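Residue indices begin at 1 and follow the sequence shown. Whatever order the structure lists ligands and atoms in, that order sets their numbers, starting from 1. Keep in mind that this is a model prediction, so the values were computed, not measured.
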Amino acid sequence: KETPSSLIMIFGATGDLAKRKLFPSLYHLYRKGRLGNNFAVIGTARRPWTHEELKENVKDSVLTSIGKSENIDEFVSHFYYQAHDVKNTESYIELKKLADKLDEQYSLNGNRIFYLAMAPEFFGTIAEHLKTDGLNDTKGFKRLVIEKPFGHDLESAKTLNAQIRKAFNEEEIYRIDHYLGKAMVQNIEVIRFANALFEPLWNNRYISNIQITSSEVLGVEERARYYETSGALRDMVQNHMLQMVALLAMEPPIKLSTDEIRSEKVRVFRALRPIEGDHVKEYFVRGQYGSGQIDGKDVPAYRNELNVDPASNTETFVAGKLMIDNFRWAGVPFYIRTGKRMETKSTKIVIQFKDIPMNLYYNTDHQLAPNLLVIHIQPEEGITLHLNAKKSGQHMETTPVKLNFSNTSTHGINTPEAYEKLLDDCLRGDATNFAHWDEVALSWNFVDKISEVWENKTQTEFPNYASGTMGPKASDQLLEKDGFFWWPVT
Ligand code: NAD
């Protein structure tokens, strides 16, 4: 699709997300010619910066993250700053004046993207003001890009949604789930639907279980105030983990359009077996990190981190078993686990195929390793297929072999950052890789039933995993009960 002209308004332009992700991504798009020349960016935040201060900040952000700055002066000449108080109508009126002026100056045809890179409690207020103060009353397109978290539970998500829907239609709302911008997450569909090899096997006859791990080495860092009210279930499972489940489990869409893909994902969420009440402890495990060692250095327990309640009941780890009750997946567990302060930083999906009916080959332990398809999401990007082959030598002995495809080494290390891809999609009006309200609502509905049980029952054994490990014992037992184990992701 051709490059549209657009005004991009970033709320929270002095913040961390803008600096680390949005400015460098816009710069990449600019350099690739994906932004064109008919664009302008207005940064807003509380601080009384000048245009120059924002420009300097953008330059600094680009240099720090990319190390190069060709055409940087041309690029930043498109940036403007306006101090802004999100609750104050006067502020929006000033913003509108600047927006209208830039619209003329850069021939933007009234196209506007509003990117809310701010604390979520302001999302609703800003959306309402955009409408009442006339900023989204424009002859071009208007799009609202909204960061996570989208609500705290189903109720609050509904309230927020009602607020933003007063100002924008569902088609105009781009709910960011940055996992959906990752190259290998987008590759899940291609692997499945562009290969004759996998789709015929992609069901309960041939797949024994699927494992999704998203582990971090970092602890809560400076985010404790938010994290204490959230925890891993809300922060990671409701959005990123369930989105990956949906992409793995969905039926082939009849075409690759936004509506078709999203509706297939919604059907997966509808088929997710609800886990509630007493079942929660059978299907879900929560953990909280204790002290431990990371890279030979001592790190504190979660409860001793800055701004964390010393008796905190917040989970920093979740493992779960999800069942999708439909024809394709009946009986196939989807295991997920995610946490902080784990042994390794890695997001990986392991698809374990069922054993063949009978082993004809001798090998040391008389067992054949199952076939695995591993999708490496980050930090490495690629696919590994684990097969069995003949060991060289006289005997008919087998040995496991791996077929590897590494995205990173084939295409260089510059696969676009998730935010770059998502901003590009938004500019071109493609909402496929953003979460539809129906997906958000169904996933909160699933997660709420688990949080409810956890919140009513204090976990007495916290902390229950040492920093630098792959989580509590109970996470391993969750699979052992079913005769499986977590495949190593290191
Ligand atoms: P931040 O605290 O660094 O920045 C917040 C911004 O909001 C600042 O520019 C601040 O000036 C502005 N602001 C705060 N109160 C204001 C007010 N009353 N009026 C006007 N401006 C105000 O936050 P962040 O880390 O950039 O996160 C922003 C959003 O992005 C959050 O929803 C967060 O969950 C999400 N997010 C951030 C990251 C990340 O890597 N930082 C990753 C994923 C999602």
Side-chain angles (χ1 to χ4, degrees), residues 8-26 41-50 53-54 57-58 60-61 64-65 79-95 114-130 133 135 144-152 156-157 160 164 173-182 185 214 216 218-232 234-236 238-241 243 307 338 340 345 347 378 417-423 426 433-435 440:
I8 302 167
M9 210 179 267
I10 300 178
F11 289 82
T14 61
D16 177 66
L17 184 75
K19 189 169 178 111
R20 281 194 314 114
K21 303 288 184 188
L22 305 184
F23 300 149
S25 298
L26 285 171
V41 181
I42 303 181
T44 81
R46 265 176 313 191
R47 282 184 218 173
W49 276 4
T50 58
E53 277 173 293
L54 175 70
N57 202 271
V58 173
D60 187 49
S61 130
T64 314
S65 93
F79 282 70
Y80 298 81
Y81 185 81
Q82 174 99 42
H84 174 78
D85 175 353
V86 290
K87 295 193 185 125
N88 181 350
T89 291
E90 291 300 313
S91 278
Y92 292 87
I93 293 172
E94 289 304 309
L95 261 184
F114 305 95
Y115 197 121
L116 309 192
M118 296 224 350
E121 67 253 40
F122 299 124
F123 293 164
T125 314
I126 299 173
E128 284 184 342
H129 273 286
L130 291 177
D133 302 327
L135 271 144
L144 182 73
V145 186
I146 189 160
E147 267 297 335
K148 83 168 193 184
F150 198 92
H152 176 75
S156 56
L160 171 59
I164 63 176
I173 301 170
Y174 290 68
R175 296 179 194 81
I176 292 259
D177 185 317
H178 67 272
Y179 271 58
L180 295 178
K182 292 185 190 290
V185 171
S214 184
E216 274 179 71
L218 288 179
V220 68
E221 312 302 303
E222 282 91 42
R223 290 174 73 219
R225 251 185 256 279
Y226 154 72
Y227 202 76
E228 275 284 272
T229 65
S230 155
R234 292 190 169 98
D235 189 46
M236 289 294 295
Q238 179 270 330
N239 37 40
H240 314 314
M241 303 303 280
Q243 283 291 337
N307 295 325
T338 179
K340 293 191 179 295
K345 178 177 171 59
T347 303
Q378 65 178 14
E417 203 0 297
Y419 277 95
E420 180 186 332
K421 177 83 183 82
L422 295 174
L423 278 165
C426 177
N433 295 310
F434 295 81
V440 175

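Taking only nitrogen or oxygen atoms, main chain and side chain alike, Gly15 reaches within less than 3.5 Å of ligand 1. Of the polar atoms of Arg20, at least one N or O is found under 3.5 Å from an N or O of ligand 1, judged by distance alone. Considering backbone and side-chain atoms alike, Lys148 places an N or O below 3.5 Å from some N or O of ligand 1. By the 3.5 Å distance cut-off applied to N or O atoms, Thr14 is counted among the residues near ligand 1. Considering both main-chain and side-chain atoms, Met118 comes within under 3.5 Å of ligand 1 through a nitrogen or oxygen pair.
Although no hydrogens or angles enter the test, the distance criterion places no donor-acceptor pair under 3.5 Å between the side chain of Ser230 and the main chain of Tyr226. In this structure a side-chain-to-backbone donor-acceptor pair under 3.5 Å is present from Thr338 to Ser214. The backbone N or O of Lys87 sits nowhere less than 3.5 Å from a side-chain atom of Tyr92 that would complete a donor-acceptor pair.
Within the 4.5 Å cutoff, no side-chain heavy atoms of His240 are placed close to those of Lys182. Using a 4.5 Å heavy-atom threshold, the side chains of Tyr419 and Leu17 count as touching. No side-chain heavy atom of Leu135 sits less than 4.5 Å from a side-chain heavy atom of His129.
Of the protein's non-hydrogen atoms, the one nearest atom 43 (C) of ligand 1 is Tyr419 OH, 3.7 Å. Ranking the protein heavy atoms by distance from atom 5 (C) of ligand 1 puts Ala117 O, 4.2 Å first. Distance from atom 14 (C) of ligand 1 to its nearest protein heavy atom, with residue and atom name: Arg46 NH2, 3.4 Å. The single protein non-hydrogen atom nearest to atom 6 (C) of ligand 1 is Gly12 CA, 3.5 Å, given as residue, atom name and distance.
Within the set His84, Lys21, Glu147, the minimum heavy-atom distance to atom 44 (C) of ligand 1 is found for Glu147. When the heavy-atom distances from atom 1 (P) of ligand 1 to Ile146, Leu17, Asp16, Ile10 are ranked, the shortest goes to Asp16.
In Tyr226, neither the side chain nor the backbone holds a heavy atom less than 4.0 Å from any atom of ligand 1. Neither the backbone nor the side chain of Lys87 comes within contact range of ligand 1; no heavy atom lies under 4.0 Å. Residue contacts with ligand 1 for Tyr115 are absent, since no atom lies close enough (heavy atoms, distance under 4.0 Å). Proximity of Trp49 to ligand 1, defined as any heavy-atom pair under 4.0 Å, is not found for any part of the residue.
Counting only N and O atoms by type, the side chains of Gln378 and Thr347 include a donor and acceptor under 3.5 Å apart.
Of the residues listed (Ile126, Ile176, Ile164), the one engaging Ile146 in a side-chain contact (heavy atoms from CB on, under 4.5 Å) is Ile164, and it is the only one.
Each of the atoms 32 (O) of ligand 1 lies under 4.0 Å from some heavy atom of Pro120. The atoms of ligand 1 that sit less than 4.0 Å from any heavy atom of Phe123 are 32 (O).
Distances shorter than 4.0 angstrom do not occur between any heavy atom of Phe11 and any atom of ligand 1. Residue Phe150 places every heavy atom at 4.0 Å or more from ligand 1.
For residues 118-128, the set of pairs meeting the side-chain hydrogen bond (donor to acceptor under 3.5 Å, both in side chains) definition, not counting sequence neighbours, comprises Glu128-Lys166.
The distance from atom CD of Gln243 to atom OH of Tyr179, rounded to the nearest 0.5 Å, is 12.0 Å.
Classified by interplanar angle (parallel below 30°, tilted 30° to 60°, perpendicular above 60°), the ring pair Phe11/His84 is perpendicular.
For atom 30 (O) of ligand 1, the nearest protein heavy atom lies under 4.0 Å away.
Residue Glu53 places its CD atom among more than 12 non-hydrogen atoms of other residues, nucleotides or ligands, all under 6.0 Å distant.
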